[in-house]
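Scroll down for the structure; my scribbles are underneath it.
Predicted, not measured: the structure shown is a model, and the values here were computed from it. In what follows, chains carry the letters A, B, and so on, assigned in the order in which the sequence lines appear, proteins first and then strands, with residues in each chain numbered from 1.
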Amino acid sequence: MSHISEPLIFKHSRTGRSAVGQYPQGATAQVPEKFRRRKRAALPEVSELQAVRHFTRLSQLNFSIDTHFYPLGSCTMKYNPRACNAFAMLPEFLGRHPLAPDSVSQGFLACLYELQEMLKDVTGMKGVSLTPMAGAQGEFAGVAMIRAYHKARNDLERTEIIVPDAAHGTNPATATMCGCTVVEIPSLPNGDIDIDALKGALGPKTAGIMLTNPSTLGVFERRIQEVAKLVHDAGGLLYYDGANLNAILGKVRPGDMGFDVIHMNLHKTFSTPHGGGGPGSGAVGVGQRLLPFLPIPTVGKDGDNYRWLDEKDVPQTIGRLSAFMGNAGVLLRAYVYMRMLGREGMHRVAEFSALNANYLLARLKKAGFDAAYPERRASHEFIITMKRQAKELGVNAMDFAKRLLDYGYHAPTTYFPLLVPECLLIEPTETEAKEELDGFVDALIAIQAEAEQDAAKVKGAPYTLPVRRLDDVRAAKQLDLTYGMRSTE
Amino acid sequence: MSHISEPLIFKHSRTGRSAVGQYPQGATAQVPEKFRRRKRAALPEVSELQAVRHFTRLSQLNFSIDTHFYPLGSCTMKYNPRACNAFAMLPEFLGRHPLAPDSVSQGFLACLYELQEMLKDVTGMKGVSLTPMAGAQGEFAGVAMIRAYHKARNDLERTEIIVPDAAHGTNPATATMCGCTVVEIPSLPNGDIDIDALKGALGPKTAGIMLTNPSTLGVFERRIQEVAKLVHDAGGLLYYDGANLNAILGKVRPGDMGFDVIHMNLHKTFSTPHGGGGPGSGAVGVGQRLLPFLPIPTVGKDGDNYRWLDEKDVPQTIGRLSAFMGNAGVLLRAYVYMRMLGREGMHRVAEFSALNANYLLARLKKAGFDAAYPERRASHEFIITMKRQAKELGVNAMDFAKRLLDYGYHAPTTYFPLLVPECLLIEPTETEAKEELDGFVDALIAIQAEAEQDAAKVKGAPYTLPVRRLDDVRAAKQLDLTYGMRSTE
Amino acid sequence: MPFIPHTETEISEMLAAIGAPSIDALFDEIPAALRIKSLAAIPDALSEMEVGRLMQARASQDGRPLNFLGAGAYEHHIPAAVWAIVTRGEFYSAYTPYQAEASQGTLQLLYEYQSMMSSLTGMEVSNASLYDGASALAEACLMAVRAHRKSKSARIVVPSTLNPTYLSVSRAVVEGQNLSFTVLPYESGKGTLQFSTLEALKGEDLTAVVIQQPNFFGQMEDVDAITDWAHANNALVIAVVNPLSLALFKPPGEWGTKGVDIVVGDGQPFGVPLSSGGPYFGFMTTRMEHVRQMPGRIIGRTVDLDGKQGFTLTLQAREQHIRRSKATSNICTNQGLLVTAATIHMSLLGAAGLESVAATSQRQTSKLIEKLTRIPGVKLAFDGYRFHEAVLQLPVKVREVLDALAERNIVGGLDLSNLYPELGNALLVCATETRTDADLDTYAIALTDIVTGVVERNR
Amino acid sequence: MPFIPHTETEISEMLAAIGAPSIDALFDEIPAALRIKSLAAIPDALSEMEVGRLMQARASQDGRPLNFLGAGAYEHHIPAAVWAIVTRGEFYSAYTPYQAEASQGTLQLLYEYQSMMSSLTGMEVSNASLYDGASALAEACLMAVRAHRKSKSARIVVPSTLNPTYLSVSRAVVEGQNLSFTVLPYESGKGTLQFSTLEALKGEDLTAVVIQQPNFFGQMEDVDAITDWAHANNALVIAVVNPLSLALFKPPGEWGTKGVDIVVGDGQPFGVPLSSGGPYFGFMTTRMEHVRQMPGRIIGRTVDLDGKQGFTLTLQAREQHIRRSKATSNICTNQGLLVTAATIHMSLLGAAGLESVAATSQRQTSKLIEKLTRIPGVKLAFDGYRFHEAVLQLPVKVREVLDALAERNIVGGLDLSNLYPELGNALLVCATETRTDADLDTYAIALTDIVTGVVERNR
Ligand SMILES: Cc1ncc(COP(=O)(O)O)c(C=O)c1O
Ligand SMILES: Cc1ncc(COP(=O)(O)O)c(C=O)c1O
């Protein structure tokens, strides 16, 4: 991590400079006047070295898994095995055109087919489509399938999606995108769903419910079987937000809990890289009822032959969600990851992520921090709240988060879920060693001491990063979204 | 560049930890007692993530071309094109066993053959061997060939190698390794060789002379033709230390100057990476007289067929210098580089490295710094001396060097060549942009001002790196060369 | 244990600290009946070496055929530096820059990306990416409905020369939200929008008109006329473009008198390998006035406590994590790493480089057409100016031809006979700067052989 | 201009600052007659894309044959993480850590490497690498002469079971320095040093005895006896080892009663691909008492002005840049990047992992021998314990067999018939952990075919 800022690439640009070895020389196009671009785009004009140096230096301004403990709750920042990258980037896979004939795609299709089968097994589902390009698109696919299911049964009134208040923002946003109305239900003080509220919300308009289990509160919904029965009895279907699948992988399966559909964040549980914000993959799995509606394409097998299944094979499909078949490269990485873990490794994911989370929670509780759900087991993540510190010392969760950066730890997720005030959602993941967890606890203890002695110090953090605390309000008010937008350079 | 230290890898080690996916499970060897290792080696026991994180963090503690201007004189720290790495690391090249039959090596051999031909052309030589693994080994090959030449002519008394005082340390060290005696001759105040001293040194014992031209003083030896004639007339041969070939590439050829043998630092002039100290490659080129002595193997061509040439083809060879054929991967990178530059690009190397060096020199002179050879053109590098500053301000060349690091510039070569007191040997290379050079000058000007106002500040530098100035004396006195050697952990 | 660092000692210590007797006890809140019994479909673990061998075998099975297929995904040269930097751990293994101070690398890069894309498309602002071109169009349609308050119809006009998959995806994505699509036919022989059918809609409430340039057939639409018509008829204009083509062609921001309203497309041609279909990235740029209706992440420049420049996520109030059910979109994770590749790619190529790549691709496609249409019975479906794709009509079944080409290790193009049955045996082909003249000859020879063979067999 | 950033304007500005009329004028000190006229043998520049295509074609021409050749270069699995990190610009494009404060990454890594190699070989100190195993042996011989002041002979005893190339290289490197080599024969049928020939040297002034373990034939020498004999006879002992084998076998530091004096070898088995022969790296470890005679860079731990731990080049007074003609060696640039790979490799594998790789390689070689010696006429040349190489004797000419195998895409081993004519049609084979049982069968089937074929043809 470097603490030295780097100018914008445009500052390195000089008219006429270029990395000429990177493009063919000599061709000029005869473009009719009406189509012709008049002025070249303001792209940087730099040498190859300048580009390499600029972006290498930029990279050093990031925290990342490869350089820092990164316990960002709900994001499963575990080690991204380098082998996944290496094998997904074999030149044949990279060079393959997505619409190339099946006859020159059997190797690739075999990987995808087996990935579908493995995902079915770990989720307890009957069918899988790999096409959604992130968790949120997987959610979309899931709710769209629920809608399609009711529609196919001519059950047209079912337009309400029940969402607990702890849900990730993508859940209600997805329901809206699918044309549904969101009915929010509260969580109980112990983190479980308020079953009475659920009962109250269920009815003839209920299309389904979206749940994360363990929820984003970091606890497992113990009465999940009862919830499933209630929803099913009311004619609704259950959607499982699999962003937290890491917590239960190899321990319990959403299909067995009674869920009808699940999306998985392959970039979380199956450890494909997060790439500074993506790409992800939001593969969906479905039970029997939703099989006819899976988004296309999926991969089928005829004898020894793999082939794409499309609208001809899945006539009731909710359709296509991407121009081709989703984030193929991410899928290959997930496939490699699953093959390297194998059956036993699959079981260990939840075990060791839970061990790390519960250990961290135990140590933090012992150090005097306030767990949001002190009576509960942590799943793979848990929440502490800085409400007391905010009130008594004027040092809030964000201050703790920023100060952690100075200590060399990425901050946990802050202020999510929204219902827990001043919260930090902490997810260590199974790939971190005990001493990292201990170091993190020590840092929080040290910051607590700082907060008690010199609150201003903590509130002024960070100090050792390339920038100090940034003015978000100004960013939103005095919009500066492109180079040259504001004269104040 | 990070300023945060990283513990030794051994600190991350815990008994029983390991990256199990990296090795086969299950095999155990039946080793007879007398051969059996009793105690495992103290290698670290870490997880894959820990290793990745540790070494990634370590990498960030380096300055490098990819992150910093690195004007290290005599080292030609120019941009190492990424393509060279990518194409030299194609799996077929990486997987090829060095002793694989020629029939499955034609592609590889073709690259090497063409590289030999191109190097012959740019040096003006008649034959090339690519086998030496660094400049110094190239020098060895060169002097060994000179020795072999005299021996073959039964001219057994010729055991003296003349070396100017400005020569790189590898020159005299090489002469000794070859069993020769070193005769040192001084340089004139204008940087040229003292021709009278040369004449005095030449005689019946003269085996040859080792020259760098331009010399490590950064100036071109103008009377090179005269030097060549004198040496040849005395019965000696001329060796060209090609570490500085960048200065003249495409402008003048050592063969045309009268040299009989040259080594080239492919990792400098032909821009293969320096790798934190290597690998390099010290290909040698020879004129007619030394052709019979070239180190083996070299690549020959019979019709359309490439094959290795060995002792059968070159019976008088000085022999083999490496277990196989030298640093093949470096050779492929050099080959790619030369193909990308092409004929015109070759000419530009010297032109723009000279332009950058002379510009930098001009600006520094104007800013009041003392050039060691103010009346001379700079070649691709030049020397400034801090003698005045050392005397007047107590701030020496090393202090300037260390303070430059705080300004984000790698220091030039310090205290080499030995004959110029308090010197900085500065080589910007042709791939740096004008604004980098300007920034570097500004930094030196700023440091000069600091030195005048607050010498202690400069002498205490660096301040912003992971460590402050290191105690080299202690390092050599209280040797601590392995983890665990000293109890003071 | 693969990727898990815990030693036996540590496990015991940690359990002791937790006060749990075993790891299994940590799952005691999960009803016992639900616990997994076995995972039969998951094979045993492979070592990295073994999985490497497996993947190499799979890859080799597919080989590296010579490719003449475009249709939304294009094979271009990618500088070696691009992915060498993209896969650096600091980019590769970071996540969404929620902690701006610890993510300035990603944030500054995205700001640079936004600047480049805005300029390239001739628009004022850009987001930090969407999933891909097709879903970006779907988002653009939804955005148009939000942005165009005056239009009540939520009716989107699209030409049938739009990439058919883009339309399918848009339909699937907007399905729940009562948007409707009106598809207009193309001029036969020209392969561009039949303008009269657009004019026939005059006076109707249209929310937006979509234009793809160059269109799916590789032909150039009269974008100025369409844009002006749409604006004159109170419809917004959504442009779908291949970003590489903008190195040569007028940017959407300059189409017609006032430019379009939203620009989307797939960024794949910029530094992203074909990679069997993804991950690519969708881009979106628009006018400043619509910025608050734009979906996706947006990065802004601001200052820190010391007044120093820095970058941060901004306008988050549009997004799902704040606005929840009222967000502009549900998108969260996007395609950051691909944008990283594209930004480095654009920086290395520059406008001049992209122009040269585009021009060379166009030239190679022209040459290809020339060579292929010399084959008896093979002809161009459409006249007019085109970029780097073209529709050919063959004297024989396209499927058969493509299969035969595949056997010769050539991916010959896209069979249009199902998508556009009216075109007969139609084949969409593409050649980029990566196809040499020798490659074109290889194709021409193979096609000649195959077509002649099939014609004769059919006799 | 490829890789050159100068614009026309800048060139003019810079020339003006210099006060030179043209770039050419900067070369006015070079005699005009010497200036290059043309460079006829250098082809025109290729773009990166073009050179990529060329290199891919060259690589494909050679293909990826199944390899059973060792003889000093071994095919092992290399974790994907290794080269992903090694090729990071900060390691890849830095140079010798002359400015220690700006090179702590490289320096600390080298210190870690020295620690690992010392422990692995059972010695006290290690340098930071030499060029390769062969040249490291040459340096070790020179070092032994320096270190062993009492011996005046500069006579080095080597067994003929030493890798013959290592001996050639040593001869070439020490040629000018009056060292002599005495080569001792091996026990026929056993393939290990004929001890009696060593004993015959009793009482002579020997500077050092070289032992390779496992030896060139893959057989294990009686290293304890040889070491003790050498020490009893006042000779130093230089061990040449495959570092991987040390995961299983007694380290040279423990050979005999007091261990050897210098250990060298090639580090290639640790994270370095076969790469057509290099770059690899030579390693060298020794006792503390000899550290000042050791060639090559050495890194030491020290403290900075604030007392904080840091790393730096040390004992530079041995080196050419200080000691010049009196240096321990002329080596300057070494093989830093390969050491980087090896250090990461050793860290990822650990002692347990290396042990498992070594054991698996040994097992696969045993299996291979078993399969191949079932072929009529094929037999093992030597009895005794071996690591992962073996000498087979064939009923037919080895050259012919290897050529026929190459046609089947198999690199079958090393032909020993010229190097050791007394062994007849001898072939040195090797299988590492990367060769599956199926691979071994492929080889066995091919060899059966070929041998039978040739035998029949010769009938
Ligand atoms: C609980 C939860 N649900 C859904 C998502 C959305 O997934 P994605 O970001 O891949 O769209 C996330 C994370 O981002 C999440 O944490
Ligand atoms: C002038 C000169 N000669 C010779 C050498 C030796 O080359 P190498 O370091 O590759 O052995 C160098 C640089 O290292 C040098 O600068």
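A salt bridge is absent between R147(A) and E175(C): the closest approach of a Lys/Arg side-chain nitrogen to an acidic carboxylate oxygen does not fall below 4.0 angstrom. Ion pairing between a basic and an acidic side chain is recognised when a charged N comes within 4.0 Å of a carboxylate O; R253(A) and D121(A) show such pairing. The existence of a salt bridge linking E29(C) and R376(A) is confirmed by a sub-4.0 Å separation between a basic side-chain nitrogen and an acidic carboxylate oxygen.
Contacts of I298(C) with chain A are made by side-chain atoms alone, with heavy-atom separations under 4.5 Å and no backbone atom involved. With a 4.5 angstrom heavy-atom cutoff, A175(A) does not touch chain C via any of its atoms. Residue L414(C) touches chain A through its side chain alone, counting heavy-atom pairs closer than 4.5 Å. Looking at A350(A), both its backbone and its side chain come within 4.5 Å of chain C, counting heavy atoms on both sides. Both the backbone and the side chain of F249(C) come within less than 4.5 Å of a heavy atom in chain A. Using a 4.5 Å cut-off between heavy atoms, M77(A) touches chain C through its side chain atoms alone. Heavy atoms closer than 4.5 Å to chain A are found in both the backbone and the side chain of E48(C). When heavy atoms are compared at a cutoff of 4.5 Å, S129(C) does not approach chain A at all. For chain C, the nearby part of P462(A) is the side chain; its heavy atoms alone come within less than 4.5 Å. Only the side chain of L405(A) comes within less than 4.5 Å of a heavy atom in chain C; its backbone stays farther off. Residue contact with chain C, scored on non-hydrogen atoms closer than 4.5 Å, is absent for A144(A). Interface remark: F3(C) contributes backbone and side-chain atoms alike to the contact with chain A (heavy atom separation under 4.5 Å). Of the atoms belonging to N67(C), it is side-chain heavy atoms, and not backbone ones, that fall under 4.5 Å from chain A. I85(C) touches chain A through its side chain: at least one heavy atom from C-beta onward sits under 4.5 Å away, while N, CA, C and O do not. Both the backbone and the side chain of F35(A) come within less than 4.5 Å of a heavy atom of chain C. Residue L246(C) touches chain A through both its backbone and its side chain, counting heavy-atom pairs closer than 4.5 Å. H168(A) touches chain C through backbone and side chain together, each having a heavy atom under 4.5 Å away. For S118(C), the part sitting under 4.5 Å from any heavy atom of chain A is the side chain, from C-beta outward, and nothing else. When heavy atoms are compared at a cutoff of 4.5 Å, L481(A) approaches chain C by way of both its backbone and its side chain. Q61(C) touches chain A through its side chain: at least one heavy atom from C-beta onward sits under 4.5 Å away, while N, CA, C and O do not. Contacts between K78(A) and chain C at a heavy-atom distance below 4.5 Å are absent for every atom of the residue. Only the side chain of M346(A) comes within contact range of chain C, with at least one heavy atom under 4.5 Å from a heavy atom of that chain. Within the 4.5 angstrom heavy-atom criterion, no atom of E45(A) approaches chain C. Proximity to chain C (any heavy atom under 4.5 Å) is restricted, for T414(A), to the side chain, taken from C-beta onward. Interface remark: Y280(C) contributes backbone and side-chain atoms alike to the contact with chain A (heavy atom separation under 4.5 Å). Only the backbone of E432(A) comes within contact range of chain C, with at least one heavy atom under 4.5 Å from a heavy atom of that chain. Only the backbone of A247(C) has a heavy atom closer than 4.5 Å to any heavy atom of chain A.
Between the E351(A) side chain and the I23(C) main chain, no donor and acceptor come within less than 3.5 Å of each other. With hydrogens and angles ignored, the 3.5 Å screen pairs a side-chain donor or acceptor of N327(A) with a backbone N or O of G280(A). When atom types are taken as modelled, the side chain of R96(A) and the backbone of R64(C) share no donor-acceptor pair closer than 3.5 angstrom. The backbone N or O of L321(A) lies less than 3.5 Å from no partner atom in the side chain of Y131(C), so there is not a single donor-acceptor pair.
Between chain A and the options G19(C), A134(C), P273(C), the largest number of non-hydrogen pairs under 4.5 Å is found for P273(C). When each of C178(A), A83(A), S105(A) is checked for heavy-atom pairs under 4.5 Å with chain C, S105(A) comes out on top. For chain A, the option among G353(C), A351(C), S276(C) with the highest count of heavy-atom pairs below 4.5 Å is S276(C). Among the candidates R363(C), M55(C), Q108(C), R324(C), the residue making the largest number of heavy-atom pairs closer than 4.5 Å to chain A is R324(C). With respect to chain A, the highest number of heavy-atom pairs below 4.5 Å among A94(C), A59(C), A41(C) belongs to A94(C). Ranked by heavy-atom pairs under 4.5 Å with chain A, the first of D62(C), T302(C), D44(C) is D62(C). Contacts with chain C were tallied for E6(A), E139(A), R363(A); E6(A) has the most, counting heavy-atom pairs under 4.5 Å. Counting heavy-atom pairs closer than 4.5 Å to chain A, the top residue among E319(C), R88(C), E433(C), Q316(C) is R88(C).
Expressed to the nearest 0.5 Å, how far CD1 of I248(A) lies from CZ of F220(A) amounts to 6.5 Å. The CD atom of Q309(C) sits 10.0 Å away from the CG atom of L470(A) when rounded to the nearest 0.5 Å. A distance of 12.5 Å separates CG in L61(A) from CD in E101(C), rounded to the nearest 0.5 Å.
With hydrogens and angles left out, the side-chain atoms of N163(C) and T165(C) include a donor and acceptor closer than 3.5 Å.
F10(A) is listed as a side-chain neighbour of E112(C), based on a closest heavy-atom distance under 4.5 Å. Within the 4.5 Å cutoff, no side-chain heavy atoms of M340(A) are placed close to those of L46(C). The shortest side-chain heavy-atom distance between I344(C) and W83(C) does not fall under the 4.5 Å cut-off.
Under the 30°/60° scheme for interplanar angles, the aromatic rings of Y70(A) and H410(A) are found to lie parallel.
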- Task: With side chain to side chain contact (heavy atoms under 4.5 Å, CB included) as the test, would you mind laying out the steps for Y111(C) and S115(C) before giving the verdict?
- Result: CA-CA 6 Å; Y111(C) 178 88; S115(C) 305; 4.0 Å; yes
- Query: What's the verdict on side chain to side chain donor-acceptor pair (under 3.5 Å) for T333(C) and Y95(C), showing C-alpha distance, side-chain angles and the deciding distance?
  - Reply: CA-CA 9 Å; T333(C) 295; Y95(C) 202 22; 2.4 Å; yes
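Under the 6.0 Å cut-off for aromatic ring centres, H6(C) and F352(A) qualify, their centroids lying closer than that. Separation of the H77(C) and Y23(A) ring centroids does not fall under the 6.0 Å cut-off.
Within a 6.0 Å radius of NZ in K326(C), other residues, nucleotides and ligands contribute 12 heavy atoms or fewer.
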